[in-house]
**Q** 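Shown below is the structure under consideration.
Everything numeric in this text was worked out from a predicted model, so none of it was measured. Keep in mind that the numbers below use all heavy atoms, side chains included, and drop hydrogens, waters and symmetry copies. Sequence positions, counted from 1, serve as the residue numbers for this chain.
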Amino acid sequence: MKNIRNVAIIAHVDHGKTTLVDSLLHQSGIFRDNEVVSERVMDSGDIEKERGITILSKNTSVVHNGVKINIVDTPGHADFGGEVERVLKMVDGVLLVVDAFDGPMPQTRFVLSKALSLNIMPIVVINKIDRPGARPTEVLDEVLELFMDLNANDDQLNFPVVYASGKSGFAKYNVEDTNDNMVPIFETIIKYVPEPSGSKDEPLQLLVSNIDYDDYTGRIGVGRIERGVIHAGEQVALCKKDGSVQNVKIGKVYTYMGLKRTEVESAECGEIVSVTGVTGINIGETIADVNNPEAVPFVDIDEPTVCMTFSVNNGPFAGKEGKYITSRHIRDRLFKEVETNVSLRVEETDTPDAFKVYGRGELHLSILIENMRREGFELLVSKPTAISKIIDGVKCEPMEVATIDVPDEYVGVVMEKMGNRKGEMTNMGPCPTQVGYTRLEFKIPSRGLIGYRSEILTDTKGLGVLNSIFAGFEPDRGEVVTRTHGTIIAYEQGKSTTYGLYNAQERATLFIGAGTEVYIGMIVGENSRSEDMIVNVCKEKHLTNTRASGSDDALKLTPHKVLSLEQSLEFIADDELVEVTPENIRLRKKILDPTKRLRGITT
C-alpha cells in the first residue's frame, strides 16, 4: 500500500488532460518501442475521437521508481460533471491542469470546488507553456486567486506547481528550467499525494464508482478498496443504495496496468480494481465483508437541469431506416444507460410510447441520442427544457454563469441578445488572453442559453467563445424570447425538386437539397419572417409544346444549411420535434396535418 498513489486529472475542456496522460503513459514504458499507439489513447469511444473531447472517466496506471500511480482521466465539459464528481471518491489527490494561455475557466472552478470540498490534495499543472502567447506566471496568480475564492484551507493553498507541455512531453519545476521528460510530474505525485488510508487487516470495503460491461462476463464494478483485502471467488456482502444487503460471490479480480486489465488472485486496500460476477451491481454501492457489511457513503451528484422527451417515431418514414423502433427497445436502452450514467434520470410518462429524460445539459443528452442513433435506434426527441422546482413556495429555475470572450466590435449585439434571454451582466472587462477582446460575465437562466451557442457564432462571425457553469436555482425570470423566425414546412410527401426549392430559397434558409424525401409537416427550412409557411418543395415544372428549350435560365440553388444534432435540438420550438434515425436527422412539427395543427392553435 505504501507503493500506491491514486490521482485524478481534472480541468476545463481543451486544457490538455488527455494529451498529458498520453505523455505520462509513453514515458512510463508501458508501450513497446515498435507499438503503434493512437493520439489521445484514453479517448477510446468513436464520438470522443471524432469530437476530440472526453465523455467518460477512464482508469489507467503507470509505475515510476517502484511506485504504482493509478490515474483517472476525467471529462472537461460541464455537462459531464457527474463523471468527475463520482471518481473523486476513488482518489487521494488531483492534478488540476490549467492552460498557460487561457487561465482558469468556469469548469476549472467547478471541478476544483468539488476536490477541495472532499479535502483532496491538489497539484497544479500549468500546461501548454510552449504555446504562443503563454503567460504561466500570470496564470499561476489567477489560480491562487481561485483557490482563495473557494475558501481553500492553508494546506490546500500551499499547493505544489509543475509547468508542463503535454504535447511536447516535458515538465519543469520552474519555467526557466531545461528538461525534456515528465519526471517532475511523477515525482511531485509521489511526494505530495498521500498514500491510501485504511488497513488490510480491517474488514473489506470497496466503493463502486464506475460500471463497465463485457459481453462475456457481464457487468464489471470498478472502485477503490477502502480497507481490507478482496479475493477472487470469495463470498461478500453487497450493500445496496436502498439499505438492503445481498450475499454475492466475486468472480474475477483485475487491477490496471497501463491500458490493460491484469487478473490477480487478491488485491489490498488502496488499489483500484475491477470485479466481475456480481449481478446487478450499481454505482454508489459497497462490496463489504460478509460478516461486517458496512456501506461507504457515496458523494452527492448534482441534480439534472435539462429535460427532454424521447418517444417512438410515428412519422411516415417510421421503421424504414432503424433497427430498434419500438417503445420496449427505447425503454430498455434508456434504463440501461441510467445504470452507468449517474447524472441521468429517466421517467415513464402517461403514454407507453414516451419517456422523460433528465440530464445536465444539451450536450449530455445529445451524446446519448447520438449513441442510440449509431446503435440503430429510431426515435423522436423534443426541445430541451429547463427543470424548475418549488423552493419555499416560489417557482425557481436553474441558473448558469456564462463567460463570453468576444471581439470588441461585437459586444453590443451579444449584450442585446443576452438581455432578451433574461441574462444579467455581472462583470465586464478586457479579456486577459487576447488583445481587442472583451470578457463578459452573465448570470442567465439555463433555458436562456438553449439555442444561443450556435447563434453567438453567427453574431460574432465565429470569433465568440462561450463557457457556462451551473450556478444553482433562483426565482423564475419570466418568458424568454429565443427563436424569432418561423419555419418552412413541406406541403406534401414526395421528393424535393430544384424547381420547388428555388421558389422557397428567396424567403428562407433551406435545410435540404434537391432529391430529398420529405413528408407533410416536415420542416425543410427557416423562414425569414416570424410566421410558419407551407411550401410545396416537390413541385415540378411541367413541359409544354410551345416553350422553347432555351427560354428558361437554368435554376441554381444556394447551398443548403446542414444542421447537426445539437443545432437541430437548439433550433426547434415547443411544437416541433427532431426525428433521429441511423441515416438521417429530420425536423418536423408535432402535429403533421396542417388542418389539425391550425385547430390546435385556435382552440
Side-chain angles (χ1 to χ4, degrees), residues 77-79 81 105-107 109-110 302-309 356 358-366 382-429 431 437-460 463-487 526 529-531 566-576:
H77 279 86
D79 285 20
M105 298 295 280
Q107 185 69 359
R109 170 181 285 270
F110 171 77
D302 286 353
E303 295 179 23
T305 57
V306 171
C307 171
M308 292 170 64
T309 302
K356 281 199 168 186
Y358 301 85
R360 290 281 277 267
E362 296 164 82
L363 182 62
H364 184 202
L365 294 176
S366 69
S382 69
K383 177 184 175 68
T385 56
I387 303 168
S388 58
K389 57 162 65 172
I390 304 298
I391 301 175
D392 297 329
V394 179
K395 183 182 179 184
C396 297
E397 62 178 341
M399 303 294 291
E400 299 195 30
V401 172
T403 304
I404 303 175
D405 290 345
V406 63
D408 295 342
E409 61 265 33
Y410 299 119
V411 167
V413 67
V414 170
M415 290 174 64
E416 181 186 352
K417 289 287 180 71
M418 293 295 276
N420 292 338
R421 293 167 176 266
K422 304 296 182 183
E424 175 189 330
M425 190 162 70
T426 57
N427 198 8
M428 176 181 179
C431 179
Y437 275 64
T438 300
R439 176 163 290 181
L440 305 170
E441 290 184 13
F442 293 88
K443 183 168 264 192
I444 183 171
S446 295
R447 59 197 172 100
L449 282 179
I450 294 173
Y452 187 60
R453 295 180 191 278
S454 56
E455 202 173 303
I456 190 175
L457 294 176
T458 305
D459 292 341
T460 62
L463 298 173
V465 178
L466 167 64
N467 290 289
S468 65
I469 195 76
F470 176 65
F473 285 82
E474 289 188 8
D476 191 288
R477 295 201 173 181
E479 186 179 353
V480 171
V481 178
T482 52
R483 197 177 81 192
T484 56
H485 295 281
T487 57
E526 180 181 19
R529 300 187 180 184
S530 58
E531 66 272 4
E566 281 85 5
Q567 289 172 325
S568 301
L569 294 173
E570 289 180 347
F571 175 80
I572 58 174
D574 292 332
D575 64 335
E576 296 162 359

**Q** How about T438 and L440: do any of their side-chain heavy atoms sit closer than 4.5 Å?
**A** yes

**Q** Does the side chain of C396 reach to within under 4.5 Å of the side chain of I390, using non-hydrogen atoms?
**A** no

**Q** Are side-chain heavy atoms of T487 and E526 found at a separation under 4.5 Å?
**A** no

**Q** Grab the two heavy atoms, one from V401 and one from A471, that are nearest each other, plus how far apart they are.
**A** CG2-CB, 3.7 Å

**Q** Taking side chain as C-beta onward, heavy atoms only, is F473 less than 4.5 Å from K389?
**A** yes

**Q** Evaluate the side-chain proximity of M428 to V411: yes if any heavy-atom separation is below 4.5 Å, no if none is.
**A** yes

**Q** Under the ring pair (Phe, Tyr, Trp, His ring centres under 6.0 Å) rule, collect the residues that match up with F571, sequence neighbours excluded.
**A** F511

**Q** Is it the case that the side chain of S446 and the backbone of A386 share a donor-acceptor pair, with hydrogens and angles ignored and the cut-off at 3.5 Å?
**A** no

**Q** Checking the side chain of S530 only, and the main-chain atoms of H485 only, is there a donor and an acceptor separated by less than 3.5 Å?
**A** no

**Q** Between atom CD1 of I456 and atom CG of L463, what is the distance when rounded to the nearest 0.5 Å?
**A** 10.5 Å

**Q** Do you know which two heavy atoms are closest between R360 and T305, and how far apart they sit?
**A** O-OG1, 3.4 Å

**Q** Please find the pair of heavy atoms, one from S366 and one from E566, that lie closest to each other, and give the distance.
**A** OG-OE2, 2.8 Å

**Q** If you take all heavy atoms of R477 and K443, which pair is closest and at what distance?
**A** NH1-O, 3.5 Å

**Q** Could you name each residue pair satisfying side-chain hydrogen bond (donor to acceptor under 3.5 Å, both in side chains) that touches residues 410-420, not counting sequence neighbours?
**A** K417-E455, K417-D459

**Q** List the steps, then state whether side-chain contact (heavy atoms from CB on, under 4.5 Å) holds for M415 with F442.
**A** CA-CA 9 Å; M415 290 174 64; F442 293 88; 4.2 Å; yes

**Q** V306: what forms a side chain to side chain contact (heavy atoms under 4.5 Å, CB included) with it, not counting sequence neighbours?
**A** L365, P384

**Q** Which pair of non-hydrogen atoms, one from P304 and one from I387, has the smallest distance, and what is that distance?
**A** O-CD1, 3.7 Å

**Q** Would you give the length of the straight line joining atom CD1 of I444 to atom CE of M418, rounded to the nearest 0.5 angstrom?
**A** 3.5 Å

**Q** Any side-chain heavy atom of F470 within less than 4.5 Å of one from M399?
**A** no

**Q** Within a reach of under 6.0 Å around CD of E531, are more than 12 heavy atoms found that belong to other residues, nucleotides or ligands?
**A** yes

**Q** Looking at G448, is its backbone amide N or carbonyl O close enough to the side chain of R421 to form a donor-acceptor pair, meaning the two atoms are under 3.5 Å apart?
**A** yes

**Q** Give a yes-or-no answer on whether the side chains of N467 and T403 include a donor-acceptor pair shorter than 3.5 Å.
**A** no

**Q** Please tell me if the side chains of E570 and L449 come closer than 4.5 Å, counting only heavy atoms from C-beta onward.
**A** no

**Q** So do the side chains of L569 and M308 get within less than 4.5 Å of each other, counting heavy atoms only?
**A** yes

**Q** Quick one: closest heavy-atom pair of S382 and I572, and the distance?
**A** C-CD1, 3.7 Å

**Q** Could you verify whether a donor N or O on one side chain and an acceptor N or O on the other, from S388 and E397, lie under 3.5 Å apart?
**A** no

**Q** Quick check against the 3.5 Å criterion: does T426 have a side-chain atom that pairs as donor or acceptor with the backbone of E441?
**A** yes

**Q** Going from SG on C431 to CD1 on I404, what distance comes out if it is rounded to the nearest 0.5 angstrom?
**A** 12.0 Å

**Q** Can a salt bridge be assigned to the pair D574 and K383 using a cut-off of 4.0 Å between side-chain N and carboxylate O?
**A** no

